[in-house]
Protein chains: 2
Amino acid sequence: MTVSKTAEKSSEKPGDATKGRKDAAEGLPEALQLGELSEQLGYVLKRAQLKVFENFLRCMASLQLTPAQFSVLLLVEKNPGRNQTEIASTLGILRPNFVALLDNLESRDLCARIRSTNDRRSHILVLTDKGKAVLTRAKKLVATKHESRLNELLGQANREALLGMLSKIANEF
Amino acid sequence: MTVSKTAEKSSEKPGDATKGRKDAAEGLPEALQLGELSEQLGYVLKRAQLKVFENFLRCMASLQLTPAQFSVLLLVEKNPGRNQTEIASTLGILRPNFVALLDNLESRDLCARIRSTNDRRSHILVLTDKGKAVLTRAKKLVATKHESRLNELLGQANREALLGMLSKIANEF
DNA sequence: TGATAATTGTTATGGACCATATCAAATATC
DNA sequence: GATATTTGATATGGTCCATAACAATTATCA
């Protein structure tokens, strides 16, 4: 290739930086230019997702619920009596990886596995009383501390539009 | 708690399912109800992000570039002469984890580390000629096969609105 | 019916990604 | 010039994701 190691062809562009990045004359650290990166959907999407999860975890710190755990509780509440395979697959979680997740929820007495009498292979999932109570509190925290910030930031209409577009991507892309 | 193991309190709600989930009378598998889950920003955001990355990888299969690798090439092209710490940090990658990523790009002759003469600790990053050529091809693939699908799916105006809102979340949340 | 195939939950395992501690070399600070 | 800081790097552990394989149970069907 054409790049000589330990070379220092200095000064060519405004974004040049080959001689002392810090500050040519005791200036600022000079922030980088994102350029086309800020137009890449995947990049922005990932960063936004990380921020949202981060905020979610902070809001849920008192209940110690991760986004995945919360989604399981929500889905089991809405669909009581389903087995592990059904709950896991609709969440995009592979059965092997769902076991430890459930072990955790069950050890905390939030969810229970009940061996089905019809198909004794499968475990039917149900929320415990404690699980229902925790989920109720979790929903309130999410609504008041998490989703509400989105409304402040984007506005109600925009927030709904965002959700609609993301759903479209998730389902039709 | 109050859940009896191996219990089968059948029939109570429309979403009941304690007796034979498959099909009570040879019906369909009965899809689960997502319920409030489809209103959770984090949930939809994560699923959309996975779909977008998945599509990105397919579009880039011929060039074998991951989203992270692509973002590094883009950033180095836009900011030639910066060192590893600077490139990594603006991408949210920790320096230790950036080493292997760069090793990969350098071994494929897409990017080069050049020891700076000003600060002999740091490695200045530059795209090789091959790296520039590959990046050019990558940009075309992304534009024609990846981002274009977003326009088809959402429309130009909506796509821009989506990007704007995600950026706002990524930066101000 | 009984032999075979399929399903369910589970374990084991490996890979990718992320985070922290630590190190040597080089530089900055005082 | 002694000490602290920075840079790239290694080692390591954690979490998440994916595959193979297994025992128990059920479905299939000759």
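Order of the sequence lines fixes the chain letters, A, B, ..., with proteins taken first and strands second; residue numbering starts at 1 for each chain.
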*Asks:* When the distance from CG of Leu101(B) to P of dA9(D) is rounded to whole Å, what number comes out?
*Replies:*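 After rounding, the reported distance stands at 12 Å.
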
*Asks:* If you look only at distance, which donor and acceptor atoms sit under 3.5 Å apart when one is on a side chain in residues 166-173 of chain B and the other is two or more places apart or in another chain?
*Replies:*
from, atom 1, to, atom 2, distance (Å)
Ser167(B), OG, Leu163(B), O, 2.9
Asn171(B), ND2, Ser167(B), O, 3.0

*Asks:* Throw together a table of side-chain donor-acceptor distances under 3.5 angstrom for residues 56-69 of chain B, partners on residues two or more places apart or in other chains.
*Replies:*
from, atom 1, to, atom 2, distance (Å)
Arg58(B), NH1, Glu54(B), OE2, 3.4
Thr66(B), OG1, Gln69(B), N, 3.1
Thr66(B), OG1, Gln69(B), OE1, 3.4
Gln69(B), OE1, Thr66(B), N, 2.9

*Asks:* How would you list, by chain and number, every residue that makes a salt bridge (charged side-chain N to carboxylate O under 4.0 Å, His left out) with Glu36(B), sequence neighbours excluded?
*Replies:*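 Here the qualifying residues are Lys139(A).
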
*Asks:* Taking all atoms of both residues into account, what is the closest heavy-atom pair of Leu154(B) and Leu162(B), and its distance?
*Replies:*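 Looking at all heavy atoms of both residues, the closest pair is CD1-CD2, 3.7 Å.
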
*Asks:* I'd like a table of atom pairs between the protein and nucleotides 19-22 of chain C - only N or O on both sides, under 3.5 Å - with the distance next to each one.
*Replies:*
from, atom 1, to, atom 2, distance (Å)
dA19(C), N7, Asn97(B), OD1, 3.3
dA19(C), N7, Asn97(B), ND2, 3.0
dA19(C), N6, Asn97(B), OD1, 3.2

*Asks:* What integer distance in Å separates Asn118(B):CG from dG8(D):P?
*Replies:*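 Those two atoms, CG and P, are 13 Å apart.
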
*Asks:* Which residues pass the side chain to side chain donor-acceptor pair (under 3.5 Å) test with Gln156(B), not counting sequence neighbours?
*Replies:*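 By the side chain to side chain donor-acceptor pair (under 3.5 Å) rule, Gln156(B) matches Asn151(B), Glu160(B).
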
*Asks:* Enter the inter-axis angle for the ends of the helix from dT1(C)-dA30(D) to dC30(C)-dG1(D) (five pairs per end, rounded to 10°).
*Replies:*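 Both end axes considered, the difference amounts to 10°.
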
*Asks:* So does Arg121(B) reach the base of dT6(D) with its side chain, donor to acceptor, closer than 3.5 Å?
*Replies:*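 Yes, the side chain and the base share a sub-3.5 Å donor-acceptor pair.
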
*Asks:* Tell me the interatomic distance from Phe98(A), atom CZ, to dA18(D), atom P, rounded to whole angstroms.
*Replies:*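 To the nearest whole Å, that distance equals 15 Å.
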
*Asks:* Quickly work out the Arg115(A) CZ to dT8(C) P distance and round it to whole Å.
*Replies:*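 Interatomic distance, CZ of Arg115(A) to P of dT8(C): 13 Å.
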
*Asks:* When you measure from the side-chain N and O atoms of Thr85(B) to the phosphate of dG8(D), is any distance below 4.0 Å, counting only OP1 and OP2?
*Replies:*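 For dG8(D), OP1 or OP2 has a side-chain N or O of Thr85(B) closer than 4.0 Å.
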
*Asks:* Take the protein atom CD1 of Ile87(B) and the nucleotide atom C1' of dG8(D), then report the distance between them rounded to whole Å.
*Replies:*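 Interatomic distance, CD1 of Ile87(B) to C1' of dG8(D): 15 Å.
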
*Asks:* Among residues at least two apart in sequence or on other chains, which ones pass salt bridge (charged side-chain N to carboxylate O under 4.0 Å, His left out) with Arg159(A)?
*Replies:*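 Partners of Arg159(A) under the salt bridge (charged side-chain N to carboxylate O under 4.0 Å, His left out) test: Glu147(A).
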
*Asks:* Taking the nucleotide of DNA chain C with the closest heavy atom to each, which residue, Gln84(A) or Ala68(B), is nearer the 5' end?
*Replies:*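 This one resolves to Gln84(A).
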
*Asks:* Using the side chain to side chain contact (heavy atoms under 4.5 Å, CB included) rule, pick out the option among Val134(B), Leu102(B), Val126(B) that qualifies with Cys111(B).
*Replies:*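 For Cys111(B), the side chain to side chain contact (heavy atoms under 4.5 Å, CB included) test succeeds with only one of Val134(B), Leu102(B), Val126(B), which is Leu102(B).
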
*Asks:* Tell me, please, which residues at least two apart from Tyr43(A) pass ring-ring contact (aromatic ring centres under 6.0 Å, His included).
*Replies:*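 Here no residue qualifies.
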
*Asks:* Is the phosphate of dC17(D) approached by Lys46(B) (side-chain N or O, under 4.0 Å from OP1 or OP2)?
*Replies:*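 True: Lys46(B) side-chain N/O within range (under 4.0 Å) of dC17(D) OP1/OP2.
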
*Asks:* Can you tell me the distance, in whole Å, between the CZ atom of Arg120(B) and the P atom of dA28(C)?
*Replies:*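 Value for this atom pair: 12 Å.
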
*Asks:* Just to be sure I understand the rule, does Arg95(B) reach a base, reach only the sugar-phosphate, or reach nothing, if contact means heavy atoms closer than 4.0 Å?
*Replies:*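 No contact.
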
*Asks:* For Asp119(B) and dT5(D), give me the distance from atom CG to atom C1', rounded to whole Å.
*Replies:*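 Answer to the nearest Å: 11 Å.
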
*Asks:* Could you tell me the separation between the CZ atom of Phe53(A) and the P atom of dT15(D), rounded to a whole number of Å?
*Replies:*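 The distance from CZ of Phe53(A) to P of dT15(D) comes to 16 Å, rounded to the nearest Å.
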
*Asks:* Listing request: all ring-ring contact (aromatic ring centres under 6.0 Å, His included) pairs with a residue in residues 122-144 of chain A, at least two apart in sequence or in separate chains.
*Replies:*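 Matches after skipping sequence neighbours: none remain.
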
